[in-house]
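Reviewing the structure listed below.
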Amino acid sequence: MSAPLFLFYVFAALAVVSALGMVLNVRNTVAAAMSLVVTMVSLAGIYVLLAAYLVAAIQIMVYGGAIVVLFLFVVMLLNLHSDEFLPARQRWLKFAGALLGVFLLVEGLRVLGGFHEPPPLPEGFGGYRQLGLSLYTDYLLIVEVISLLLTAAIVGALILAKREID
Amino acid sequence: MVPIDHVIGLSALLFVIGLVGVMTRRNLIVMLMSIELMLNAVNLAFVGFNRLWPQGPSGVGEASLDGQIFVLTVISVAAAEVAVGLGIVISMFRNRDSVNIDDVSLLRW
């Protein structure tokens, strides 16, 4: 087994175990958020193995840094260190969730073994230079739309979290 | 060389874990985290397919980074979604003193 393949399985196992730890942790919300960090960082490792270097860096910065810190901030602000609620009244909802999960999992696992070997890549694939050139020439409209979306999100979050709107 | 079918399998697995989390948990913050997990699973599929077909489905021409551009877009949308979602969580906690979604079932049938 080559080194990248071994690393891929290590990161994949880490991601799955910590994702399960996040969903199944019913006692400690802070620990669930920390499990989410482990998942994000392992996914960044897999991105590096798939030649998506800039995306891996942004994954660590935005997900591992900003988003999970925001979650932790809100959990600690609301003082939710240990809470889990009674099971849902709608038992069928849980059943439907599990059923849909198994169905999607079977569908996903059907693709196993169906793809050819990934082709060799040109020099600089996935680096900041090529991605930046692509982002600011062919996909400039997406950048502009995202800037508008982020502005709207900032205003929306401020309005929602404000104590009262006068 | 990483086999892409295993990457897609991992992506499906993570998506299912996130989906079960959204469907079964009652804590609104954990539900938002599960949604983040599902978005990450989709990102992983995008990166994997971009590695498998760098020239797009036609297989000719020079390598492009369309899949990774999609991933950057999804990350931005996820950041916006978390900002608004946590604003809703704080507003709900202020009004109901709880983050249990069973306490805000006014619009449910």
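Note that these values count all heavy atoms, side chains included, but never hydrogens, waters or copies made by symmetry. Not measured: the values here are computed from a predicted model.
- The distance from atom OG1 of A:T39 to atom CD of B:E36, rounded to the nearest 0.5 Å, is 12.0 Å.
- Distance check, rounded to the nearest 0.5 Å: CE of B:M23 to CG of A:L99 gives 9.5 Å.
- Between chain A and the residues B:V47, B:N40, B:V20, B:V77, the largest count of heavy-atom pairs under 4.5 Å involves B:N40.
- Of the atoms belonging to B:L14, it is side-chain heavy atoms, and not backbone ones, that fall under 4.5 Å from chain A.
- The only option from A:L131, A:I58, A:L135 that meets the side chain to side chain contact (heavy atoms under 4.5 Å, CB included) definition with B:Q68 turns out to be A:L131.
- In the hydrophobic cluster analysis, where Ile, Leu, Val, Met, Phe, Trp and Tyr join through side-chain heavy atoms closer than 4.5 angstrom, B:V42 is grouped together with A:I142.
- For a residue to count as touching a neighbouring chain, one of its non-hydrogen atoms must lie under 4.5 Å from one of that chain's; by this rule B:N95 does not touch chain A.
- Taken from CD in A:Q59 to CG in B:L72, the straight-line distance is 10.5 Å, to the nearest 0.5 Å.
- The contact between A:F71 and chain B is made by backbone and side chain atoms together, counting heavy-atom distances below 4.5 Å.
- Across all their heavy atoms, A:I146 and B:S76 have their closest contact at CG2-CB, 3.5 Å.
- Linking ILVMFWY residues whenever their side-chain heavy atoms come closer than 4.5 Å, directly or via other members, places B:V99 and A:M76 in the same cluster.
- Contact of A:V62 with chain B is made through the side chain alone, with heavy-atom distances under 4.5 Å.
- The parts of B:V2 that come within reach of chain A are both its backbone and its side chain, each placing non-hydrogen atoms under 4.5 angstrom from that chain.
- Within the 4.5 angstrom heavy-atom criterion, only side-chain atoms of A:L36, from C-beta onward, approach chain B.
- A:L148 and A:I159 fall into different hydrophobic clusters, where Ile, Leu, Val, Met, Phe, Trp and Tyr side chains are chained together by heavy-atom contacts under 4.5 Å.
- In summary, of the residues considered (B:V82, B:I75, B:L32), a side chain to side chain contact (heavy atoms under 4.5 Å, CB included) with A:I67 occurs for B:V82 alone.
- Within the structure, ring-ring contact (aromatic ring centres under 6.0 Å, His included) pairs that include any residue of residues 10-46 of chain B comprise B:F46-B:F70 (at least two apart or interchain).
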Working for side chain to side chain contact (heavy atoms under 4.5 Å, CB included), residues B:I4 and A:L50: CA-CA 9 Å; B:I4 302 299; A:L50 291 173; 3.9 Å; yes
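- Contacts between B:V22 and chain A at a heavy-atom distance below 4.5 Å are absent for every atom of the residue.
- Per-residue counts of heavy-atom pairs under 4.5 Å with chain A were compared for B:V71, B:L19, B:L44; the largest is that of B:L44.
- Neither the backbone nor the side chain of A:F73 comes within less than 4.5 Å of any heavy atom of chain B.
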Evaluate the criterion side chain to side chain contact (heavy atoms under 4.5 Å, CB included) for residue pair A:L78 and B:V89; output intermediate values, then yes/no. CA-CA 9 Å; A:L78 303 184; B:V89 169; 3.7 Å; yes
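- Annotation: side chain to side chain contact (heavy atoms under 4.5 Å, CB included) contacts of B:R94 (sequence neighbours excluded): A:R163, B:I90.
- Among B:I69, B:L10, B:V84, the residue with the largest count of heavy-atom pairs under 4.5 Å with chain A is B:I69.
- At a 4.5 Å heavy-atom cutoff, the contact between A:L77 and chain B is made by side-chain atoms alone.
- Remark: A:L20 CG to B:L13 CG distance equals 7.0 Å, nearest 0.5 Å.
- Residue contact with chain B, scored on non-hydrogen atoms closer than 4.5 Å, involves the backbone and the side chain of A:A52 alike.
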Report the C-alpha distance between A:Y139 and B:L65 in whole Å, list the side-chain angles of each, state the deciding distance to 0.1 Å, and finish with yes or no for side chain to side chain contact (heavy atoms under 4.5 Å, CB included). CA-CA 11 Å; A:Y139 296 98; B:L65 287 162; over 6 Å; no
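- Looking at B:S64, only its backbone comes within 4.5 Å of chain A, counting heavy atoms on both sides.
- Looking at A:A33, both its backbone and its side chain come within 4.5 Å of chain B, counting heavy atoms on both sides.
- With a 4.5 angstrom heavy-atom cutoff, A:F103 does not touch chain B via any of its atoms.
- In the hydrophobic clustering of this structure, A:L24 groups with A:M34; members are Ile, Leu, Val, Met, Phe, Trp, Tyr whose side-chain heavy atoms approach within less than 4.5 Å, directly or through other members.
- Considering all non-hydrogen atoms of both residues, B:A83 and A:A157 come closest at O-CB, 3.6 Å.
- Here the straight-line distance linking atom CG of B:L37 with atom CG of A:L43 works out to 8.0 Å at 0.5 Å rounding.
- Taken to the nearest 0.5 Å, the CG atom of A:L49 stands 10.5 Å off from the CZ atom of B:R51.
- Residues B:L28 and A:V30 share a hydrophobic cluster, clusters being chains of Ile/Leu/Val/Met/Phe/Trp/Tyr side chains in contact below 4.5 Å.
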